[in-house]
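Please read the structure below before turning to the comments.
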Amino acid sequence: MTQTNIIDKVTRVAIVANGKYQSRRIASKLFARFKEDERFYLSKKDPDIVISIGGDGMLLSAFHMYEKNLDKVRFVGIHTGHLGFYTDYRDFEVEKLIENLHANKRRKISYPILQAKITLDDGRVFQVRALNEITIKRIEKTMVADVAINKVKLERFRGDGLLVSTPTGSTGYNKSLGGAILHPTVEALQLTEISSLNNRVYRTLGSSVIVPKKDKIDIIPKRQGIYTISIDNKTMHYKNVSKIEYCIDKKKISFVATPFHTSFWERVTDAFIGELEL
Ligand code: NAP
Ligand code: MN
């Protein structure tokens, strides 16, 4: 066996953690553990596995750090707070995680992500990706925007703004706005209103709309001004947005498959309901 073959078998691991004491403690424990194991090579560059330590918010950051590597990378989340939607392992399950990385060399579970093309009046175009959602709001005045699905004009929206979420993002901001919870394996996008104006003069659908894979949602702002666009945990301000086009990205996010994976519905009831007294 040549040297190259041996190197090929080594799994490159990147560890990212939030600033919490508990997260940094686990990160250093993992560092030490991986350093003494020749089957793993610690590297922030071009990793096979990205271990995110913290909460769902930290995993969102990890996703954006490595969004150019989606073809290759598999993510794993370790939660140091409460059980999350993107985090599978608890802080004391580090050994279990390493065992699983050995046992399931390439097994993964993949979920859809959101792609958006933002076009400004001055001609600039930004292509972005989101794991949870993208929102567009106009803060200074009512946002007026046309909404179209597959070029069919659905409505003229008036209100604070609009949100488009992924299935895994449906339990985040989307849910707070009254949107539906979607199982992460449903390949769809959800369009949800943020405080729409509804009266005798102005009319919107009022409910969230769930669109299947391949369908495209366009939002066309009708007024000049400053728009606030959030992409997961990042917020940007743009002058005069002419259009945002949303679709499900060709790429997906992959997670290391976990044998004892908590079911999605268990996470939902654990996160939003708590102890059930039946
Ligand atoms: P944050 O303000 O620290 O966290 C917002 C909360 O949302 C945290 O409890 C976070 O979990 C949780 N969260 C993130 N993704 C989730 C998901 N897919 N399903 C269920 N809960 C989720 O900000 P952050 O941690 O950077 O997260 C950014 C996200 O916050 C955005 O993508 C958006 O979904 C959400 N958000 C919600 C509202 C709202 O509900 N009104 C407003 C703005 C943003 P952890 O504690 O595990 O990090
Ligand atoms: Mn957070």
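In each ligand, atom 1 is the first atom listed, and ligand 1 is the first ligand listed.
Note that atom 3 (O) of ligand 1 has no protein non-hydrogen atoms nearby, at separations under 4.0 angstrom. Protein non-hydrogen atoms do reach within 4.0 Å of atom 32 (O) of ligand 1. Put simply, atom 19 (N) of ligand 1 has protein non-hydrogen atoms near it, under 4.0 Å away. Closer than 4.0 Å to atom 6 (C) of ligand 1 lies none of the heavy atoms of the protein. Distance screen at 4.0 Å: atom 39 (C) of ligand 1 has a protein heavy-atom neighbour inside the cut-off.
For Asn174 (side chain) and Ala180 (main-chain N/O), a donor-acceptor pair under 3.5 Å exists by modelled atom type. Checking side-chain atoms of Thr166 against main-chain N and O of Pro112 turns up no donor-acceptor pair under 3.5 Å. No donor-acceptor distance shorter than 3.5 angstrom exists from the side chain of Asn69 to the backbone of Lys72, with no hydrogens or angles considered. Distance alone, capped at 3.5 Å, is enough to place a donor-acceptor pair between the Glu193 side chain and the Gly206 backbone. Side-chain atoms of Asp56 come within 3.5 Å of backbone atoms of Phe85 as a donor-acceptor pair (strictly under, hydrogens ignored).
Close approach of ligand 1 to Ser176 is summarised as follows: ligand atoms under 4.0 Å from at least one heavy atom of the residue are 39 (C), 40 (O), 41 (N). For ligand 1, the atoms lying closer than 4.0 Å to a non-hydrogen atom of Tyr86 are 18 (N). Proximity to Glu133 (heavy-atom distance under 4.0 Å) selects the following atoms of ligand 1: 31 (C), 32 (O), 33 (C), 34 (O). Every atom of ligand 1 with a heavy atom of Asp232 under 4.0 Å away is listed here by number and element: 31 (C), 32 (O).
With sequence neighbours excluded, the residues forming a side chain to side chain contact (heavy atoms under 4.5 Å, CB included) with Leu154 are Val147, Ile149, Leu205, listed by chain and number.
With hydrogens left out, the protein atom closest to atom 17 (C) of ligand 1 is Thr171 OG1, 3.6 Å, a heavy atom. In this structure, atom 26 (O) of ligand 1 lies nearest to the protein heavy atom Asn233 CB, 3.3 Å. For atom 9 (O) of ligand 1, the closest non-hydrogen atom on the protein side is His82 NE2, 4.5 Å. In this structure, atom 45 (P) of ligand 1 lies nearest to the protein heavy atom Asp56 N, 3.6 Å. Remark: minimum distance from atom 36 (N) of ligand 1 to any protein heavy atom is reached at Tyr173 CB, 3.8 Å. When hydrogens are left out, the protein atom nearest atom 28 (C) of ligand 1 is Leu60 CD1, 3.6 Å; that is the closest non-hydrogen contact. The protein heavy-atom contact nearest to atom 48 (O) of ligand 1 is Gly57 N, 2.9 Å. With respect to atom 15 (N) of ligand 1, the closest heavy atom belonging to the protein is Asn132 ND2, 2.9 Å.
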Next item on the list: Go through Glu93 and Arg90 one step at a time and tell me if the salt bridge (Lys or Arg N to Asp or Glu O under 4.0 Å) criterion holds.
Entry: CA-CA 5 Å; Glu93 291 175 323; Arg90 282 167 295 175; 2.9 Å; yes

Margin query: Between Lys251 and Asp249, is the salt bridge (Lys or Arg N to Asp or Glu O under 4.0 Å) condition met? List the steps.
Written below: CA-CA 5 Å; Lys251 297 191 174 165; Asp249 201 83; over 6 Å; no

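Ligand 1 lies out of reach of Lys175, whose nearest heavy atom is not under 4.0 Å from it.
Taking the side chain as every heavy atom from C-beta outward, Asn100 and Tyr89 approach each other to under 4.5 Å.
Judged by a 6.0 Å distance limit and a 45° cone about the ring axis, Lys137 is not positioned over the six-membered ring of Tyr227.
In plain terms, the two heavy atoms of Asp88 and Thr262 that are nearest each other are OD1-N, 4.3 Å.
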